[in-house]
**Student:** 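Could you have a look at this structure, given as structure tokens, before my questions?
Note that the structure is predicted; figures quoted are calculated from it, not measured.
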There are 2 protein chains.
Amino acid sequence: MKWGVQMEKHEIFSIPLPAIRRFPAYLRLLKEYQANGETWISATKLADDLQLKPIQVRKDMAYTGVEGKPKVGFLIEELILAIRRHLGWDNTSDAVLLGVGNLGSALVGYKGFENYGLRIVAVLDADPEKVGNRIAGVQVLPLERLEETIRRLKINIAILTVPAEAAQYTANRLANAGIRGIWNFAPKDLRVPDHVIVQRTDLATGLAELSSKIKLKIFDENR
Amino acid sequence: MKWGVQMEKHEIFSIPLPAIRRFPAYLRLLKEYQANGETWISATKLADDLQLKPIQVRKDMAYTGVEGKPKVGFLIEELILAIRRHLGWDNTSDAVLLGVGNLGSALVGYKGFENYGLRIVAVLDADPEKVGNRIAGVQVLPLERLEETIRRLKINIAILTVPAEAAQYTANRLANAGIRGIWNFAPKDLRVPDHVIVQRTDLATGLAELSSKIKLKIFDENR
DNA sequence: TAGATTGTTAATCGATTAACAATC
DNA sequence: TAGATTGTTAATCGATTAACAATC
């Protein structure tokens with residue numbers, strides 16, 4: 001097989017999901033090195049700082065498509081750009097957030113999203129009491145304006161922080177309005193058409209891992 | 001190998017992490033069935049509702065140790081109890097939360113934790129301006145009282161929602177105070193002694209998955 | 001009974017890890 | 001140069017999936 005000039009090998013095969021999930025941690029650390037004035041970094045050092053095995057980091061770096069120099073390592077700048085590009089974080093995406101409860105408000109106020117190429121440009125809620133309020137400088141719009149807002153602002157991503165009961169209904173409207181991805185924080189599995197991608201982020205998942213590990217550890221100690 | 005009377009096979013081999021991560025979703029759905037007055041459920045139906053393959057659900061149910069009846073399925077009540085027990089959610093654990101920023105406040109106010117066997121009984125912050133405030137009925141204590149609070153209330157779990165810069169320092173104090181598990185929301189990898197388990201829940205991870213999938217999809221469409 | 005569903009053993013798949021040659 | 005580090009190919013490991021017998 002021959003590769004065209006503008007198409008690199010790593011662009012064609014999709015990167016394994018576990019590697020994608022490690023990318024943000026790499027990115028964060030790489031920026032830290034850069035802030036400290038460093039230019040080059042070795043997979044060995046990265047692995048050490050992230051408590052991963054060097055071989056795994058090397059594989060992950062290979063997925064980015066960046067080539068390293070033996071004995072020296074990788075150019076930090078190159079890695080940052082490549083990872084950002086693979087995650088689609090090189091261009092900022094505009095997002096709409098639905099449901100300004102506790103979690104929703106926290107997310108609107110969260111500064112970290114800038115680093116992840118995400119900007120919350122609109123906030124909607126079904127509760128008339130909340131409509132008109134300003135949260136972190138963004139005015140809350142009524143849910144009725146969902147379709148209009150998405151189309152007008154050409155929004156691709158929705159952050160769903162409505163109650164579980166309202167999640168499917170809201171997702172349907174989002175799908176119809178042409179949204180591409182839904183980041184779902186509601187504890188509810190959504191059914192959506194093929195053209196929409198749903199990513200569930202569930203507090204319970206992390207807690208389940210933690211508590212089962214603690215339980216297992218206590219069990220082991222008492223054996 | 002012979003199994004003792006009080007020790008079941010599934011108690012000895014630890015359940016794979018991916019299965020543990022699916023447990024909360026099963027639990028949620030099982031409670032829903034129960035609320036609808038149902039008593040029995042088949043792996044087939046569960047799989048259908050969660051968009052998983054029936055064979056995977058059957059494997060997961062096997063991990064719980066609950067036996068099903070061919071043609072009928074599993075007793076919902078039994079599955080709920082077994083999953084809760086495996087996650088250590090059968091007894092409520094008390095937790096301390098550190099750092100009442102946007103996310104911290106949202107977590108303190110989050111009602112869902114009751115279902116996960118977690119109760120936030122103390123909230124601490126380093127900022128004197130925040131100390132004394134009440135959040136969802138809990139009074140914010142100064143960070144100085146960390147050790148005393150953990151010991152007095154016999155707290156095993158800490159929820160860490162401090163800024164990244166303060167995360168390692170706070171984790172050190174938590175470890176010294178004898179905490180068993182740290183649920184870390186700060187975008188920072190922590191080093192802790194062996195007796196402490198850290199679970200990182202990172203907003204960036206979920207967003208990375210979503211945005212890379214969207215990017216891949218858009219790429220595929222334009223091919 | 002017939003047939004849907006469970007439960008177990010084996011096959012497959014995909015990610016991690018190991019081994020080692022290439023290289024600056 | 002010597003040796004640390006990269007990059008590739010192969011081995012291993014663990015989870016998912018398939019196949020099918022058991023069973024109510």
Side-chain angles (χ1 to χ4, degrees), chain A residues 1 3 8-10 12-23 25-26 30 33 38-76 78-79 82 86 205 208-209 212-213 216, chain B residues 1 3 8-10 12-23 25-26 30 33 38-76 78-79 82 86 205 208-209 212-213 216:
Chain A
M1 185 160 192
W3 306 104
E8 307 272 339
K9 193 175 165 191
H10 63 273
I12 296 189
F13 301 111
S14 72
I15 301 173
L17 207 56
I20 295 277
R21 281 196 272 249
R22 284 187 292 268
F23 276 5
Y26 291 131
L30 290 165
Y33 299 145
E38 322 213 10
T39 311
W40 295 87
I41 189 70
S42 73
T44 318
K45 173 74 159 61
L46 266 169
D48 197 56
D49 286 355
L50 287 170
Q51 297 172 76
L52 300 172
K53 307 217 165 142
I55 174 69
Q56 183 164 54
V57 176
R58 263 184 290 153
K59 263 266 147 133
D60 288 345
M61 296 305 105
Y63 293 133
T64 66
V66 174
E67 289 194 2
K69 269 207 185 62
K71 182 146 186 184
V72 183
F74 303 82
L75 212 44
I76 294 172
E78 265 192 75
L79 285 178
H86 279 290
T205 310
E209 264 188 67
S212 74
K213 279 180 199 160
L216 210 65
Chain B
M1 185 159 188
W3 307 104
E8 308 271 339
K9 196 175 165 189
H10 63 272
I12 295 189
F13 301 111
S14 70
I15 301 171
L17 209 55
I20 294 278
R21 284 197 269 249
R22 285 187 291 270
F23 276 5
Y26 291 132
L30 289 165
Y33 299 145
E38 322 213 10
T39 311
W40 295 88
I41 189 70
S42 74
T44 318
K45 174 76 160 58
L46 266 168
D48 197 56
D49 286 354
L50 287 170
Q51 299 172 76
L52 300 172
K53 309 218 161 139
I55 174 68
Q56 183 165 55
V57 177
R58 264 185 289 152
K59 263 266 149 134
D60 288 345
M61 296 303 108
Y63 293 134
T64 66
V66 173
E67 289 193 3
K69 270 206 184 63
K71 182 143 187 184
V72 184
F74 302 83
L75 212 44
I76 293 172
E78 264 191 78
L79 284 179
H86 279 290
T205 310
E209 266 187 67
S212 73
K213 280 179 198 160
L216 209 65

**Student:** Between A:Lys59 and A:Pro70, which has a closest nucleotide on DNA chain C that is more 5'?
**Tutor:**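 It is A:Lys59, whose closest nucleotide lies nearer the 5' terminus.
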**Student:** Over how many whole Å does the gap from A:Tyr63 atom OH to C:dG14 atom P extend?
**Tutor:**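 Interatomic distance, OH of A:Tyr63 to P of C:dG14: 12 Å.
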**Student:** Grab the CD-C1' distance between B:Gln56 and C:dG7 for me, whole Å please.
**Tutor:**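 In whole Å, C:dG7 C1' lies 16 Å from B:Gln56 CD.
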**Student:** What nucleic acid atoms does A:Ala43 come within less than 4.0 Å of, heavy atoms only: base, sugar-phosphate, or nothing?
**Tutor:**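 Sugar-phosphate, no base atom in range.
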**Student:** In whole angstrom, give the distance that lies between atom CG of B:Leu52 and atom C1' of D:dA15.
**Tutor:**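 In whole Å, D:dA15 C1' lies 14 Å from B:Leu52 CG.
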**Student:** Let me know the distance between CE of A:Met61 and P of D:dT5, rounded to the nearest Å.
**Tutor:**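 These atoms are roughly 15 Å apart.
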**Student:** Do you know the tightest heavy-atom contact between A:Ile20 and B:Ala208?
**Tutor:**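 What the structure gives for the nearest pair is CG2-O, 3.8 Å.
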**Student:** Write down the distance between CD (B:Glu78) and C1' (C:dT6), rounded to a whole number of angstrom.
**Tutor:**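 Atom CD in B:Glu78 sits about 14 Å away from atom C1' in C:dT6.
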**Student:** Which part of the nucleic acid, if any, lies within contact of B:Lys53, taking any heavy atom under 4.0 Å across all strands shown: a base, the sugar-phosphate backbone alone, or nothing?
**Tutor:**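 Here B:Lys53 touches the backbone only, sparing every base.
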**Student:** Would you say C:dA15 has OP1 or OP2 under 4.0 Å from some side-chain N or O of A:Arg21?
**Tutor:**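 A:Arg21 to C:dA15 OP1/OP2: no side-chain N or O under 4.0 Å.
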**Student:** Which residue, A:Arg58 or A:Leu17, contacts DNA chain C at a nucleotide closer to its 5' end, judged by nearest heavy atom?
**Tutor:**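 Going by which nucleotide is closer to the 5' end, it is A:Leu17.
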**Student:** More than 12 heavy atoms of other residues, nucleotides or ligands under 6.0 Å from CD of A:Glu38: is that the case?
**Tutor:**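 Atom CD in A:Glu38 is packed in, count exceeds 12.
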**Student:** Expressed as a whole number of angstroms, how long is the span from A:Asp48:CG to D:dA4:P?
**Tutor:**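 Roughly 15 Å, once rounded to whole Å.
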**Student:** Need the pair for C:dA22. Rule: Watson-Crick or G-U wobble, both distances under 3.5 Å, any strand; none if unpaired.
**Tutor:**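 The answer is D:dT5, by the H-bond criterion.
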**Student:** Expressed as a whole number of angstroms, how long is the span from A:Ile41:CD1 to D:dA4:P?
**Tutor:**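 The answer, rounded to whole Å, is 17 Å.
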**Student:** If you define the side chain from C-beta out and look only at heavy atoms, does anything of B:Tyr33 sit under 4.5 Å from B:Leu46?
**Tutor:**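 Sidechains of B:Leu46 and B:Tyr33: in contact.
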**Student:** Taking all atoms of both residues into account, what is the closest heavy-atom pair of B:Gly68 and B:Pro70, and its distance?
**Tutor:**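 Closest approach of B:Gly68 to B:Pro70: O-CD, 3.8 Å.
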**Student:** Can you tell me the base-pairing partner of C:dT17? Count Watson-Crick or G-U wobble geometry only, both distances below 3.5 Å, and say none if there is no partner.
**Tutor:**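 Pairing partner: D:dA10.
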**Student:** Expressed in angstrom and rounded to an integer, what is the separation of B:Lys69 atom NZ from D:dA22 atom C1'?
**Tutor:**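 Those two atoms, NZ and C1', are 15 Å apart.
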**Student:** Mind listing the closest non-hydrogen atom pair of A:Ser212 and B:His86 along with its distance?
**Tutor:**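 Looks like CB-O, 3.9 Å.
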**Student:** Counting side-chain heavy atoms from C-beta on, which of C:dC24, D:dT23, D:dA19 comes nearest to B:Ile55?
**Tutor:**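 Nearest listed nucleotide: D:dA19.
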